[in-house]
Amino acid sequence: MTFEIFMQQLANGISIGSLYALIAIGYTMVYGILRLINFAHGDIFMMAAYFMVFSMVNFGLPWYVSMILVVIATILLGVLIEKAAYKPLRSAPRMSIMISAIGVSFLLENLATYLFTGVPKGFPDIPILTKAISFGNVSLSVVTVVTPVITIVLLYVVLFITNKTKIGMAMRAAAKDFETARLMGININRVISTTFVIGSGLAAIGAVLWGSKYPSVYPLVGVMPGLKCFIAAVLGGIGNTTGAVIGGFILGMAEIMLVSFLPSLTGYRDAIAFIILIIVLLVKPTGLLGEKVTDKV
Amino acid sequence: MIFSMFTACAKDQGTSTDADSDSDVIKIGVFEPLTGENGGGGLQELDGIKYANKMYPEVLGKKIELVIVDNKSDKGEATTAVTRLIEKEKVVAIIGSYGSGVSIAAGDIIQNAKIPAMGASCTNPMVTQGNEYYFRACFLDPFQGRVMANYALGQGAKTAAVIMQNGDDYSIGLGNFFINAFKELTGDENSVVDVSEFQVNDTDFNAILTNIKAKNPDVIFAPSSATTAPLIIKQARALGMNSLIMGGDTWENPAVIDVAGDDAKGIVLSTFFDENDPATEEAKVFVEGYKKELGDKEPIIPAVAALGYDAYLLVRDAIERAGSTDGDAIKEAIQSTKDFEGVTGVINFTEEGDADKNIAVIKTVEDGKFVYIDTVEVK
């Protein structure tokens with residue numbers, strides 16, 4: 001392997017890893033507060049990609065306007081899902097709310113198939129993101145370069161919100177102990193809504209970056225990213241934002257390096273994600289940065 | 001289309017209590033992927049079948065009712081869907097499916113139930129192999145692989161890389177037939193410089209393509225669904241690769257051009273049919289009528305729609321000649337089909353139940369349209 005090929009693969013790894021990281025934050029935040037694995041997260045991501053297609057292709061809006069509209073629409077969708085499918089089940093056993101999440105996931109997938117058919121649509125071209133730049137023989141698109149930067153910036157924004165603001169303090173309190181936080185006068189519903197606002201917003205930004213890199217949108221486009229990002233969140237320690245980002249990077253890099261160094265195993269690329277998941281669950285179930293969970297008795 | 005599925009269900013609930021032999025309709029099952037990664041192609045094929053039904057709505061003096069089920073491009077769903085057609089809907093014959101994997105998965109059930117099935121565009125040899133109830137109207141992958149290897153050679157290619165989808169019988173089958181043919185034609189065991197596999201629902205091919213870029217092959221052959229094809233094409237071009245990129249019949253789908261955009265220019269694919277070169281009288285009538293039917297929906301008649309049309313006609317013709325709706329009688333009638341004039345050519349069946357065809361059409365993409373290059377005949 002030449003140096004240039006290695007650098008290209010490294011760039012590929014960082015790029016896909018940072019996309020995983022961005023979407024994984026949404027998983028980890030919802031889990032941190034609600035103890036709910038939001039299986040619909042990948043499908044919210046898919047809907048965001050469709051929103052972008054509609055606002056740019058069907059309504060002909062410029063990309064920066066579309067981007068804002070997409071983020072708003074996705075946030076509304078995320079909050080609506082929370083209100084309709086999770087809120088009524090707040091006092092129900094945790095399993096019920098998980099099943100509800102799976103139900104929402106199927107609902108969104110089938111709704112998208114019904115409305116937009118299974119035929120893939122092209123993601124609109126955002127020239128500023130898809131422009132190719134090359135360093136010697138290493139060829140990259142702008143989106144490949146900016147995604148890790150955007151991911152890190154957004155991670156800091158999320159960390160700032162959770163650590164330095166009032167709502168962030170309420171979120172941390174709710175994550176620690178839901179019931180006590182409620183008794184202390186924290187508006188639990190507002191905390192949860194905020195979580196979904198942040199998570200869905202990140203999913204929307206992730207979808208635009210993802211679409212610019214992999215410009216094909218179809219109803220099941222969110223399934224694999226959803227699964228992978230869930231694994232990334234578990235790997236980093238589900239509930240921990242920084243952990244999710246690290247998990248995303250590790251997962252992306254592991255996949256690319258598998259293909260790069262063991263080309264005969266390219267068909268097992270997805271398997272590596274699940275193997276990592278199993279190993280993490282066996283060796284360190286709390287993940288890399290996960291906190292020790294003390295069960296309430 | 002989903003509407004028609006619902007009405008099909010609703011109708012069934014009404015009639016299922018009646019004795020089926022007394023009913024005044026003959027049910028033919030349509031087994032296609034309408035969702036999932038092959039949803040695009042499945043819908044095109046279904047449109048051709050529906051148009052055939054519109055043109056020839058009756059057989060044996062009874063109305064033909066199409067019962068459409070969605071196999072969701074999934075082998076597990078395929079067995080459920082085909083079982084529903086046979087057990088619940090009591091269809092007398094089945095048409096489909098786009099995608100060889102699902103057809104192979106349904107094969108055993110079809111054989112055990114002794115209900116004849118007519119594949120339209122499933123090209124993997126295993127669909128009909130050892131299954132006397134499964135027939136098909138299209139050519140096979142060993143042939144298609146050879147046609148593409150031949151074409152690559154004609155373009156001066158000496159080395160090739162192949163990308164296939166793990167677990168997809170169509171993709172793996174066609175990829176391997178290409179590899180064998182290319183090695184044989186170049187007489188060089190090392191002419192295939194890279195063989196990579198990817199998983200269903202993968203969208204990132206950068207790693208695979210970077211490996212291939214290092215080996216700098218003259219052509220990349222990537223038989224895959226219309227969902228993955230444009231992603232492979234776009235990512236290859238973004239990595240600065242200039243190799244000729246080729247695929248199989250699944251690539252003749254507007255989604256490929258729509259998604260890949262300018263990067264689709266110059267890709268090469270093989271297909272079953274070209275509307276500008278109608279092979280039979282039936283084809284002339286079909287091209288004229290179907291063009292109107294399509295309207296602005298698609299710029300060209302998809303080959304799979306033509307095959308879907310032929311598959312329907314073949315089944316209807318067999319029922320007519322059998323004079324009955326008995327599975328074995330229809331099967332024997334299909335086997336004895338002689339010089340049937342379809343849209344995609346004159347059809348006879350081989351021992352194995354495959355249409356005896358030796359012509360493929362090669363197309364490329366120019367100015368955002370599929371453009372005919374050549375018709376290839378292989379003896």
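Below, chains carry the letters A, B, ... as their sequence lines are ordered, and counting in each starts from 1. The model shown is predicted, which means the values in this text are computed figures rather than measured ones.
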Counting only heavy atoms closer than 4.5 Å, note whether B:Q235 contacts chain A via side chain, backbone, both or neither. side chain
Straight-line distance of B:I208 CD1 to A:S260 OG, nearest 0.5 Å: 12.0 Å
For B:L239 and A:Q8, run side chain to side chain contact (heavy atoms under 4.5 Å, CB included): C-alpha distance rounded to whole Å, both residues' side-chain angles, the deciding distance at 0.1 Å, then the answer. CA-CA 9 Å; B:L239 285 170; A:Q8 179 86 59; 3.1 Å; yes
Report yes if some heavy atom in the side chain of B:Q199 is under 4.5 Å from a heavy atom in the side chain of A:M224; otherwise report no. no
In terms of heavy-atom proximity below 4.5 Å to chain A, should B:A260 be classed as side chain, backbone, both, or neither? neither
For A:P120 versus B:D258, what's the shortest heavy-atom pair and its separation? O-OD2, 4.3 Å
Report which part of A:I16 has an atom under 4.5 Å of a heavy atom belonging to chain B: side chain, backbone, both, or neither. side chain
In this structure, are over 12 heavy atoms from other groups packed under 6.0 Å from A:I128 atom CD1? no
Side chains of A:N12 and B:T210, donor plus acceptor under 3.5 Å: yes
Below 4.5 Å from any heavy atom of chain B, which atoms of A:P215 appear? Answer side chain, backbone, both or neither. both
Solution key, residues 250-258 of chain A side-chain donor-acceptor pairs under 3.5 Å, sequence neighbours excluded:
unit_1, atom_1, unit_2, atom_2, d
A:E255, OE1, A:Y20, OH, 3.2
A:E255, OE1, A:R269, NE, 3.1
A:E255, OE1, A:R269, NH2, 3.1
A:E255, OE2, A:Y20, OH, 3.4
A:E255, OE2, A:K228, NZ, 2.9

Which donor-acceptor pairs under 3.5 Å do side chains of residues 46-62 of chain A form with protein atoms, sequence neighbours excluded?
unit_1, atom_1, unit_2, atom_2, d
A:S55, OG, A:F51, O, 3.3
A:S55, OG, A:M52, O, 3.4
A:S55, OG, A:S66, OG, 3.3

NZ of B:K213 to OG of A:S139: how many Å apart, nearest 0.5 Å? 5.5 Å
Using a 4.5 angstrom heavy-atom cutoff, name the option from A:L220, A:V259, A:D125, A:L140 with the most pairs to chain B. A:V259
With a 4.5 Å cut-off on heavy-atom pairs, point out which of B:V200, B:N166, B:N206 contacts chain A the most. B:N206
Whether over 12 other heavy atoms sit under 6.0 Å from A:F274 CZ: yes
In terms of heavy-atom pairs under 4.5 Å with chain A, which of B:T203, B:N211, B:L231, B:D204 leads? B:D204
NZ/B:K234 to NZ/A:K213 distance, rounded to the nearest 0.5 angstrom? 12.5 Å
Can you confirm whether B:K265 is buried at NZ, in the sense that more than 12 heavy atoms of other residues, nucleotides or ligands lie under 6.0 Å from that atom? no
Please classify the contact of A:Y268 with chain B as side chain, backbone, both or neither, using a heavy-atom distance under 4.5 Å. backbone
In terms of heavy-atom proximity below 4.5 Å to chain B, should A:T2 be classed as side chain, backbone, both, or neither? neither
Proximity breakdown for B:A238 and chain A, heavy-atom pairs closer than 4.5 Å: backbone
When B:S196, B:G167, B:G39 are compared by non-hydrogen pairs under 4.5 Å with chain A, the top option: B:S196
